[in-house]
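This report refers to the structure that appears directly beneath it.
Read the numbers this way: they start at 1 and go in the same order the structure lists the ligands and their atoms. The figures here come from the full heavy-atom set of this structure, side chains too, leaving out hydrogens, waters and symmetry mates.
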Amino acid sequence: MYKHRWSDGRDIEPLPGKAVCIGRNYAEHARELNNPVPQAPLLFIKPLTAMTEMESEIVIPGGMGEVHHEAEIAVLIKEKLTQADRRMAEQSIAGIGAALDLTLRALQNDLKSRSHPWEKAKAFDGSCPLSRFTEIEKFPDLTDIDVRFSVNGVVRQSGNSAQMLFPIIELIETTSHFFTLLPGDILLTGTPAGVGRLGVGDTFTMTVGEQIEVTSTVNRR
Ligand code: ZN
C-alpha cells in the first residue's frame, strides 16, 4: 500500500488519507477546456487507492479512452483542521510535493454532459501519482512556486502558483469548512494550462520549484 515519504526516503509518520483536489484553479486551464472560471474553489476527492508513487513508473488504465496529465503542486497536511482560519491554515502544512491528477478525459466529458458526478474519471485506481515530499521550510513563498511538466523532452505545462485563482492558504481554509483535514491528507492545488494525453512508453519529467524533480515512464495496467 502506498505511503508518503520524505525526499530522503524516510516514511512520513501520519498514514496517507484522502486527497482533496481543486478544479479550475488556473484561469488559462479553465479556458482551454471551455469551462467557466469559478467564483469559489471547486473541490473533489480522490481516495487512498488512487495514490501511487510517481517515481520510475506509473501505470494507466487501458480501454478507457484518453488519459490526460494534470501536473499539480501537492500540499501535505500535518494537523487536524476543521473550520480553519488563515492563521491555522498557515501552520497546517508539513510539506510540498509533485502530483498528477490523472483524468479519463473522454469519460469525464461524457459524465459532465449528463450532469453526473465525475469520480469514475478522476478517482480511479492509480489516478494520483505522488512524488516524495519536501519539508515546508524549504518553500518560503507559497505564492511563487514554479510547476513544470514535460513529456519526451517537450514542455507541456509550465505555470507558477502566483497564477492560482485561489492561493494555497485560502484553499486550505475553504476546504476545511467542508471536509475536516487530518494529518496525512493532501491537497492537489489545480493544474496550469497545457493538459494533454499520456501514452504507454512516454517518459515524463515533473518539477516543482527547484526542490523537486521526478522523471518517470508510463506503462499500462
Ligand atoms: Zn486537476
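At a cut-off of 2.8 Å, measuring from the Zn ion (ligand 1), the protein N, O or S atoms that fall short of it are Glu70 OE1, Glu72 OE2, Asp101 OD2, waters left aside.
In terms of modelled atom types and a separation under 3.5 Å, the side chain of Thr191 and the main chain of Ala71 share a donor-acceptor contact. In this structure, Thr203 contributes its side chain and Thr217 its backbone to no donor-acceptor pair below 3.5 Å.
Between Leu171 and Thr174 there is no side-chain heavy-atom pair separated by less than 4.5 Å.
The ring pair (Phe, Tyr, Trp, His ring centres under 6.0 Å) contacts involving residues 139-159 comprise His69-Phe149, Phe149-Phe204, where partners must be two or more places apart or lie in separate chains.
A ring-centre distance under 6.0 Å is found for Tyr2 and His4.
In the hydrophobic clustering of this structure, Leu81 groups with Ile168; members are Ile, Leu, Val, Met, Phe, Trp, Tyr whose side-chain heavy atoms approach within less than 4.5 Å, directly or through other members.
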